[in-house]
Protein chains: 2
Amino acid sequence: MAMDSRKIEEILEKKGVRVTSIRILVMDALMSASRPMSLSDLETVLDTVDKSSIFRTLEVFEKHHAVHSIDDGTGSVKFEVCEGEEECTVSDMHAHFYCEKCHKTFCLKEINAPVVDLPEGFEMHSVNYIVKGVCRSCSRKMA
Amino acid sequence: MAMDSRKIEEILEKKGVRVTSIRILVMDALMSASRPMSLSDLETVLDTVDKSSIFRTLEVFEKHHAVHSIDDGTGSVKFEVCEGEEECTVSDMHAHFYCEKCHKTFCLKEINAPVVDLPEGFEMHSVNYIVKGVCRSCSRKMA
DNA sequence: TGATGAATTGCAACCGGGTTGCGGCAGCCC
DNA sequence: GGGCTGCCGCAACCCGGTTGCAATTCATCA
């Protein structure tokens, strides 16, 4: 419960999402986390809330562009709060880093996902750019 | 059975993979396909072969750098034959395109996955670059 | 305030990709 | 042949994600 729930209500309303207590909980968890969270991450944090409720909440959030999902190739989709007022566009999407040691996914907010030119006739909707490797703290530990 | 099985045996041997009839079948299927194949794609094509055998075969291939896997964010990992003699490096990895209409994954062989600079201390092992959208033939159909 | 209908939630069951244990079989070396 | 090793098929399992359904909550309006 890191954030003022009034603030969160405002955000939800601005995105056109009806406010409920569960939605506040989920949004709060997502905003308080420093990293993208998976469904089961959220399940762990919000252990009073049913998995399917979290799932459907995320569906609603995503439809209203309050969050976006990223696939870091671990087999579990991660969710992240959209920055700014309007919906995320391709060029907003930043790169992500997945650590093969500690299995955490990091946002590389300062690095935009590079956009390539597609062959004629292909239409781009979104980009996923994932780097896999070893993160800073793990590579330090190993040295 | 598009390829000469002698050729396939040679390839497997060169990668240090013991040759068996199933491994020839799997490698043949992968090489004959124009697109990356998932475990269940292979299951369908090779309907006489057990899923777990294909799975373990792919494990062996991957360990010996005969194939590499890509995650296109569909929830099923795809496999692709490594080009060339030695193992794939990060800079070899090309971009992939996932069509949200026909649910096919395309290799954009001519487009290398762009490589970004990581923050200090992060160590890169591999890159996944996936563009999602609508492919040429689907966008033609819709017009 | 109370009734009504729509939206939300919890529960349980399901689905499908991926994974594993195990027993049987094939190939190889002695 | 006997024994060893590795490969294969079967069945069962795991887990993230998803759905049907009944119960609850919420907003609205009489």
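Because the structure is a prediction, the values reported are computed rather than measured.
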Is it the case that D:dG6 (base atoms only) and B:Arg23 (side chain only) share a donor and an acceptor within less than 3.5 Å, ignoring hydrogens and angles?
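Side chain to base: no pair below 3.5 Å.
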For A:Arg35, give me all partners under side chain to side chain contact (heavy atoms under 4.5 Å, CB included), at least two apart in sequence or on another chain.
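Side chain to side chain contact (heavy atoms under 4.5 Å, CB included) list for A:Arg35, sorted by chain: A:Lys104, A:Phe106.
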In terms of side-chain heavy atoms, does A:Asp41 have a donor or acceptor partner in A:Thr44 at a distance below 3.5 Å?
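The answer is no; no qualifying pair exists.
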Does the side chain of B:His68 come within less than 4.5 Å of B:Ser126's, by heavy atoms?
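The answer is no; the side chains never approach within 4.5 Å.
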Taking side chain as C-beta onward, heavy atoms only, is B:Met27 less than 4.5 Å from B:Val17?
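No - every pair of side-chain heavy atoms lies 4.5 Å or more apart.
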Show me the pairs that pass salt bridge (charged side-chain N to carboxylate O under 4.0 Å, His left out) and involve residues 58-75 of chain A, at least two apart or across chains.
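Checked against salt bridge (charged side-chain N to carboxylate O under 4.0 Å, His left out) - neighbours excluded - the pairs reaching residues 58-75 of chain A are A:Asp72-A:Lys78.
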For DNA chain C, what residues of residues 44-52 of chain B have any heavy atom nearer than 4.0 Å?
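Those residues are B:Lys51, B:Ser52.
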May I have the distance from A:Phe55 (atom CZ) to D:dG17 (atom C1'), rounded to whole angstrom?
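Nearest whole value for this atom pair: 6 Å.
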Contacts of B:Lys132 that satisfy salt bridge (charged side-chain N to carboxylate O under 4.0 Å, His left out) - sequence neighbours left out:
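Listed in chain order: nothing, the list is empty.
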Considering only heavy atoms of chain B and a distance under 4.0 Å, specify the first and last nucleotide of DNA chain C in 5' to 3' order that meet this criterion.
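Footprint of chain B along DNA chain C, 5' to 3': C:dG17 to C:dC22.
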For a quick check of understanding: with a heavy-atom distance under 4.0 Å over all strands, which category does B:Ser53 fall into, base, sugar-phosphate or nothing?
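Base, at least one base heavy atom under 4.0 Å.
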For A:Ser76 and for B:Arg56, find the nucleotide of DNA chain D with the closest heavy atom, then tell me which residue's nucleotide is more 5'.
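Its nearest nucleotide being more 5', the pick is B:Arg56.
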Reading nucleotides 22-27 of chain D from the 5' end, what letters show protein touch, with B for base, S for backbone sugar-phosphate only, - for no heavy atom under 4.0 Å?
-----S
What about A:Ile130 and B:Ile111, same hydrophobic cluster or not, with Ile/Leu/Val/Met/Phe/Trp/Tyr joined at side-chain heavy-atom distances under 4.5 Å?
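Result: no, two separate clusters.
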Option among A:Thr20, A:Thr57, A:Val67, A:Val60 that satisfies the side chain to side chain contact (heavy atoms under 4.5 Å, CB included) test with A:Val26:
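Of A:Thr20, A:Thr57, A:Val67, A:Val60, side chain to side chain contact (heavy atoms under 4.5 Å, CB included) with A:Val26 is met by A:Thr57 alone.
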Can you see which heavy atom on B:Glu123 is nearest to which on B:His125, and at what distance?
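Reported closest heavy-atom pair: OE2-NE2, 3.1 Å.
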